[in-house]
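So that the names make sense, note that chain A is the first sequence line, chain B the second, and so on, each numbered from 1.
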Amino acid sequence: MEISMEFSPHRVAAMVRRYWYLLRSSWPRILDLIYWPMVQMLMWGFLQTYIQQNAGFFVQAGGVFIGSVLLWDILFRGQLGFSISFLEEMYARNLGNIMMSPLRPAEFILSLIIMSLIRLAIGMIPVTLLAIWFFGFNLWGLGLALGAFFANLMLTSWAIGILVAGLLLRNGLGAETLAWTFMFLLLPLCCVYYPVSVLPVWLQWIAWALPPTYVFEGMRELLIHHTFRADLMLQALALNAVLFSAGCVAFGLLLGSARRHGTLLQTGE
Amino acid sequence: MDAAVKSAIAVDRLVKTYATTTAVKGISFSLMPGTMTGLLGGNGAGKSTTIATIMGLLTPTSGTVRVLGADMPRQRYRVLHRMNFQSPYVDMPMRLTVRQNLRVFGDLYAVPDIAGRIDQLASDLDLREILDRPSGKLSAGQKTRVSVAKSLLNNPEVLLLDEPTASLDPDTADWVRGHLERYCRAHNATVLLASHNMAEVERLCERVIMMKKGEIVDDDTPQQLLARYGRETLEDVFLDIARGRGDAQQRVS
């Protein structure tokens with residue numbers, strides 16, 4: 001298969017514009033971006049407030065729960081923002097137009113990455129501000145550490161988003177459920193709400209193979225011990241490089257398989 | 001220079017098999033630049049598979065497809081900006097207005113002065129009144145006209161049309177056919193037209209390729225086909241072939 005190296009920011013901008021037109025034309029879509037992160041943040045925030053009043057440890061570990069919720073939402077919503085933009089093409093029966101256009105797969109992926117950032121910003125910025133107002137938890141106060149957490153979580157979310165997009169191309173909308181649920185497989189394994197040491201030893205090996213585990217451990221270190229563990233972030237970055245590359249390779253292979261099996265023409269169930 | 005190199009589309013011993021079904025069974029044809037060719041056949045004849053392979057959406061099981069000299073789908077990015085297609089099996093995003101959709105596709109095809117091109121197509125295809133209407137709120141006929149406009153955005157040298165006048169009233173359909181004819185003459189475009197409207201094929205195409213069960217069962221000018229089958233309309237020829245009557249029976253066997 002010939003791989004074209006000619007990359008056009010103009011085509012990427014065209015795709016971002018297409019998704020932006022869609023987003024701004026539909027208030028339920030915008031509301032949906034904020035709704036669940038806000039519900040999650042409020043529920044876990046109030047739970048944490050209750051526990052803080054009844055357990056000494058959590059007084060010390062102020063913000064761990066709500067920080068976990070917000071970082072988990074960055075991971076989950078990042079992937080969802082990517083996957084939903086892709087799904088919109090399938091719902092609209094527009095994938096044939098896109099695949100037949102000069103748009104390169106890399107440009108398509110980059111436009112989906114940009115849209116995941118835009119969707120995340122629309123959803124998460126108001127929610128992080130609400131967290132300050134309701135619970136006095138300032139995610140932005142994590143400073144540079146937040147940048148490291150964010151970068152690693154987004155890389156994981158895109159890697160999984162790319163893999164899911166490939167599966168959707170190959171299997172049609174029958175694989176849609178994966179877009180909504182794939183990330184929940186990681187929820188218990190990457191130790192969002194508890195330390196890795198809670199897991200059985202054999203499961204700890206799996207947990208440490210997942211980049212988000214390092215982010216959530218790093219966040220607990222920061223909030224509980226006030227220590228930024230750069231080593232954890234670098235290990236997460238290395239794992240993310242592998243995961244992202246694997247996602248891109250899988251996408252290419254699944255796209256090739258879709259061309260062989262004719263599933264680009266039949267993107268229904 | 002051989003015919004495959006000179007031709008705009010060259011299909012050589014194309015076979016496409018899905019799991020246990022062979023949809024296209026070793027067909028070959030080539031289309032010279034500036035020609036309009038009809039691809040006819042009943043349901044399951046292999047027309048859509050053939051067109052999808054020419055567009056680069058499918059990888060052949062064996063055989064080759066070359067478009068403007070590029071091997072499809074391996075070298076598709078060399079030529080996709082010089083091609084376009086229209087099909088009732090794909091839609092444009094429904095919430096976007098016609099103008100927004102055309103703008104997005106214009107940018108994907110790197111059309112210079114996209115606003116001017118949209119304006120021109122809106123005038124040519126009578127889209128002015130619906131340009132700022134969401135695509136999902138158009139009638140079937142309006143959608144077809146927008147789809148034709150999208151297919152002409154980049155002034156394609158190769159145009160693949162699948163039922164371009166489906167859902168149009170006879171007057172509008174005739175008008176769209178006239179526009180396509182003028183476009184092809186003005187741009188020396190190569191057109192492959194899949195249609196069940198025999199009168200349309202008879203009017204637009206100088207050559208007709210008849211397919212049945214994945215094979216080409218006849219390939220000639222409309223006039224020659226009519227003469228050979230002793231029929232007055234292409235529809236009767238189509239029915240002869242589809243039902244395996246007379247000369248068609250001998251050719252298929």
query = Can you tell me how far the CG atom of A:N97 sits from the CD atom of B:Q86, to the nearest 0.5 Å?
reply = 10.0 Å
Any side-chain heavy-atom pair of A:R29 and B:R95 under 4.5 Å = yes
ask   = Taking every heavy-atom pair that is under 4.5 Å apart, which of B:L108, B:V104, B:N154 has the most such pairs with chain A?
value = B:L108
task = Let me know if A:S8 has heavy atoms under 4.5 Å from chain B in its side chain, its backbone, both or neither.
result = neither
query = When you look at NZ of B:K213, are more than 12 heavy atoms from neighbouring residues, nucleotides or ligands closer to it than 6.0 Å?
reply = no
message = Quick check: closest heavy atoms across B:P93 and A:A92, and the distance to 0.1 Å?
response = CA-CB, 4.0 Å
inquiry  = To the nearest 0.5 Å, what is the distance between CZ on B:F105 and CD1 on A:I98?
reply    = 5.0 Å
ask   = Among B:L80, B:L57, B:V90, which one satisfies side-chain contact (heavy atoms from CB on, under 4.5 Å) with A:M99?
value = B:L57
task = Write down the atom of B:Y109, the atom of A:S101, and the distance for their closest heavy-atom approach.
result = OH-CA, 3.5 Å
note = CG (B:D91) and CD (A:E89) are apart, to the nearest 0.5 Å, by 12.0 Å
request  = Enter the distance from A:T263:OG1 to B:L58:CG here, rounded to the nearest 0.5 Å.
outcome  = 9.0 Å
ask   = Which bit of B:N84 is near chain A, if near means a heavy-atom gap under 4.5 Å: side chain, backbone, both or neither?
value = backbone
request  = For B:R13, look at atom CZ and say whether over 12 heavy atoms of other residues, nucleotides or ligands are found less than 6.0 Å away.
outcome  = no
remark   = Of all heavy-atom pairs linking B:Y77 and A:P105, the shortest is OH-CD, 3.0 Å
task = Would you give the length of the straight line joining atom OG of B:S87 to atom CZ of A:R93, rounded to the nearest 0.5 angstrom?
result = 8.0 Å
task = Give the minimum heavy-atom separation between A:R259 and B:G56, together with the two atoms involved.
result = NH1-O, 2.5 Å
ask   = What option among B:K16, B:M94, B:H81, B:R103 has the most heavy-atom pairs under 4.5 Å with chain A?
value = B:R103
Exceeds 12 heavy-atom contacts within 6.0 angstrom, atom CG of B:N43 = no
ask   = Which bit of B:L96 comes within less than 4.5 Å of chain A, counting heavy atoms only: side chain, backbone, both or neither?
value = side chain
side-chain hydrogen bond (donor to acceptor under 3.5 Å, both in side chains) contacts touching residues 239-256 of chain A (sequence neighbours left out) = A:N152-A:N240, A:T156-A:N240
Heavy-atom contact with chain A under 4.5 Å, split by part of B:Y18 = side chain
message = Please report the interatomic distance OG1(B:T61) to CZ(A:R260), rounded to the nearest 0.5 Å.
response = 10.0 Å
